[in-house]
Structure formats: C-alpha cells, structure tokens
Number of protein chains: 2
Amino acid sequence: MTECLTGPVGNPTNFASLSLSRRVGFLSYKLTQILLHTFEERLAAVKLTTRTYFMLSAIDREPPLSQQELSRLIGVDPTTVVALVDDLEQLGYVKRSRNRSDRRRHDLLLTAAGRRNLAAAHRVADEVEAEIFSPLTAAERDTYADLTRKVLANHWPA
Amino acid sequence: MTECLTGPVGNPTNFASLSLSRRVGFLSYKLTQILLHTFEERLAAVKLTTRTYFMLSAIDREPPLSQQELSRLIGVDPTTVVALVDDLEQLGYVKRSRNRSDRRRHDLLLTAAGRRNLAAAHRVADEVEAEIFSPLTAAERDTYADLTRKVLANHWPA
DNA sequence: TATTGTTATACTCTATAACTATA
DNA sequence: TATAGTTATAGAGTATAACAATA
C-alpha cells in the first residue's frame, strides 16, 4: 500500500517539482515519511521497529494480551504476529505464558529487558518529535496537534 | 520501514489504548495512514497506486525524464522503476522513447490515456483530501498546511 | 463447531549483482 | 572508465490454507 514510504526519503527537489506541495495531504505524507524514517533509524539501537514498538506498547498497556487480541489491536495478520512475537521472545523482550483458564491462549508479558527497551524507545520517540517539530513554538505545536485530533475524531472514533 | 502502514487501518481502540495519542508524531502517523488507505482504495479504479501516481506526476511535470532521473526523484530503486514503467507501459499510460543525443537513455512520456488517468487521479486526491479534512474550516486547513510547511522547511530544503 | 496458536507454502515486493549498449 | 537500462536471482515480508490443541 505504501511502497513510497519505504526506502530513502528521496531527493528534496521532488517536494517542489512534483507540484504536489500545495496538497495538504501530500504535506502530511511527507512529514510522516520524515518522522518514520528518523524514528526507525534511531530505534535500531534497541533492536525495534515502529511495529514492534507498537506491539510492546500494547502489551505494556493492556496485560495480559493474547496474540489474537494484539493482532486485531494493531491491524496485523495473526501469523505475522506469531513471527514477530518469536523475534521479541528471542530478543528477551517478551514472554509467552499459557493462560490457566483458557489453555489455548498465550498471554503476552513484558520482561524486565522488554520494559527497559520500551522505555528507551519512548525516549527516542520524544527526542525525534522534539527535533522534527522544533521549528514550531509550543503553542503552534499544540495547535497542530489539536487540528490533527479534530480531523481524526471524524475518521477514527476512539 | 513502515510495515504498520501496510494492511488495514486497524481497530479504533488502539488509538486510545496505545496511549500514544498524546504524541503529536503518532497523530501525524495515524492521519497519514487513513489518508493513504482511503486514497489507494479509490485509486484502484484507475489502476494506479500512490507510487505510480507520483511517477506519472513527475513524468508529466518534467518531461522528458529518464528512468534514472525518475528513480532519484522519487527515491525508488532503478530496477524497481524499470518494472513499474513496464507496468505503466502495459497499461498504456507511458511510452518509452530512445533519446536521440544519448541513445542509452529512455525518455519517458505520458500517452493520452496516461494524461487522462493522471487527471482522474488528481481528482481522486482532491476528493479524498476534501473528505478527510472536512472537519476543519478553510482557515483551519490553511493553518494546518502552513504549520506542516514550516516543519518541513527545516528538514526538506526544497 | 468455533477459536487460539502454529506451521508450511506460495506470493509479492525489493534489492544485488551481473550483463548490454552506449558514452 | 562510467552511465542508462535491463535481466536474473535471491532475500525479506506477507498472506493463505491447513493443522493441532482447546473450548
């Protein structure tokens, strides 16, 4: 779906030359591309990606979470979740444990190392945000966030 | 890099439950995800993707463009560009033609059908933007665009 | 009979390297 | 020697289907 967001951020000239810069949607897209690119680059230090960061965040936030629940929560295929949990378990960030009342379920829990690295990832997110949005004043940043929330409220009824 | 943007938009609950909604970066990310998802869905009607839409836009904007130039412009691997131009040529949207002064180059040009479908894609982009940003007033939309440009100016020196 | 987790498999997408033709 | 284009091939990522265990 989003092959363009993959790969390098690309030549700055395309910003102007594609003549898409008047499109507010393209501006959003470009900003997100830069945000993600920077974030993933720094996140490599704790051996995480945006997606595994979301997974750890969810597991931390709503324990105990089954793999199916996690799958639905972040919109990732169940089989992919299995593979990713395998990776996170091998990294020592996550532990599977059989649910006692429903022995089909694997409850997902963070290990101490998982909590440590999730905290580090949160710090990376803070840093990157501060850096990318540094051209804005605090008030402007709030305005930007409020407007974005207003748009999302209509399409993402949380 | 952005596996999370792939696939379905996911369960709305994650917006709140991931506790990331306070992060302005996450808000940007979510908005872009919804924008892209909606855009690609509608773009299927003209057999294009976000990436091939960018390609057609670039070819339209800066003819004659070689495949290498296009590759650098949109930050996509040259071999991938070859495959994608193959697709676009098969769709009848693009024509390759040998450059006379440098016979190594293939100049890329839009066909009539290519121009027609690019115009249709532009209309789709307009529609989707109008729809997604409909919760904002015109003034708010301008503010949003201005703030985004201000952020980008620092990281994307066009 | 439905659900959770898993594996095996196929499919798509992308990148690497090697080749050709031109410069 | 370098560049534009191409092809072949291998790798990663993802999804589909089938299966085991449990409800």
Side-chain angles (χ1 to χ4, degrees), chain A residues 1-11 33 36-37 40 44 47-52 54-55 58-59 63-90 94-109, chain B residues 1-10 33 36-37 40 44 47-52 54-55 58-59 62-90 94-109:
Chain A
M1 152 187 185
T2 55
E3 310 91 339
C4 277
L5 273 171
T6 321
V9 177
N11 189 320
Q33 187 183 36
L36 274 176
H37 188 262
E40 294 248 329
K47 298 186 196 289
L48 290 173
T49 63
T50 304
R51 190 166 50 173
T52 50
F54 285 168
M55 290 173 68
I59 295 169
L65 210 56
S66 78
Q67 297 185 157
Q68 294 279 347
E69 288 164 345
L70 181 56
S71 163
R72 284 188 293 268
L73 199 60
I74 62 175
V76 172
D77 193 275
T79 63
T80 304
V81 168
V82 170
L84 292 171
V85 170
D86 283 346
D87 294 345
L88 289 172
E89 205 167 23
Q90 196 138 28
V94 165
K95 252 306 194 200
R96 284 175 168 108
S97 101
R98 282 277 174 207
N99 185 299
R100 297 189 177 237
S101 55
D102 183 346
R103 292 183 47 71
R104 290 173 307 180
R105 293 166 54 103
H106 274 160
D107 290 337
L108 299 175
L109 296 166
Chain B
M1 153 190 184
T2 56
E3 309 93 341
C4 278
L5 272 170
T6 321
V9 177
Q33 187 184 34
L36 273 176
H37 188 262
E40 295 248 330
K47 297 186 196 288
L48 289 173
T49 63
T50 304
R51 190 166 51 174
T52 50
F54 284 168
M55 289 173 69
I59 295 169
E62 309 202 342
L65 209 56
S66 77
Q67 298 185 155
Q68 294 280 346
E69 287 163 348
L70 181 57
S71 163
R72 283 188 294 268
L73 200 60
I74 62 175
V76 172
D77 193 275
T79 64
T80 304
V81 168
V82 170
L84 292 171
V85 171
D86 284 346
D87 295 344
L88 289 172
E89 205 168 23
Q90 197 138 25
V94 164
K95 253 303 194 202
R96 285 175 169 106
S97 102
R98 283 277 176 205
N99 184 299
R100 294 186 178 241
S101 55
D102 182 346
R103 293 183 45 72
R104 292 172 308 180
R105 294 166 53 105
H106 274 160
D107 289 337
L108 300 175
L109 296 166

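Lettering follows sequence order; numbering is per chain, from 1.
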(message) Looking at A/Arg104 and C/dT3, is any side-chain donor or acceptor paired with a base atom of the opposite kind under 3.5 Å?
(response) yes
(message) Using a distance-only criterion (donor-acceptor N/O pair, under 3.5 Å, no hydrogens), is the base of D/dT16 paired with the side chain of A/Thr79?
(response) yes
Compare all side-chain heavy atoms of [X] with those of [Y] and state whether any distance is below 4.5 angstrom.
| X | Y | result |
| --- | --- | --- |
| A/Met55 | A/Val85 | yes |
| B/Val76 | B/Leu70 | no |
| B/Asp87 | B/Thr52 | no |
| A/Lys95 | A/Glu89 | yes |

When we call it a touch if two heavy atoms are under 4.0 Å apart, what does [X] touch: a base, just sugar-phosphate, or nothing?
| X | value |
| --- | --- |
| A/Asp77 | base |
| B/Arg98 | nothing |
| A/Ser101 | sugar-phosphate |

(request) May I ask you to say whether A/Asp86 pairs ionically with A/Arg96, meaning some side-chain N is under 4.0 Å from a carboxylate O? (result) yes
Under 4.0 Å between a side-chain N/O of [X] and OP1 or OP2 of [N], yes or no?
| X | N | result |
| --- | --- | --- |
| B/Arg100 | C/dA23 | no |
| B/Arg51 | C/dT14 | yes |
| A/Arg72 | C/dT3 | no |

(message) On DNA chain D, compare the nucleotides closest to B/Val85 and A/Ala83; which residue's is nearer the 5' end?
(response) B/Val85
Side chain of [X]: nearest nucleotide among [options]?
| X | options | value |
| --- | --- | --- |
| A/Gln68 | D/dA4, C/dT4, C/dA23 | C/dT4 |
| B/His106 | C/dA23, D/dG5, C/dT7 | D/dG5 |
| B/Thr80 | D/dT22, D/dT7, C/dT14 | C/dT14 |

(request) Rounded off to whole Å, could you give me the CZ-to-P distance for the B/Arg105 and D/dA4 pair? (result) 8 Å
(message) Expressed as a whole number of angstroms, how long is the span from A/Leu84:CG to D/dG13:P?
(response) 9 Å
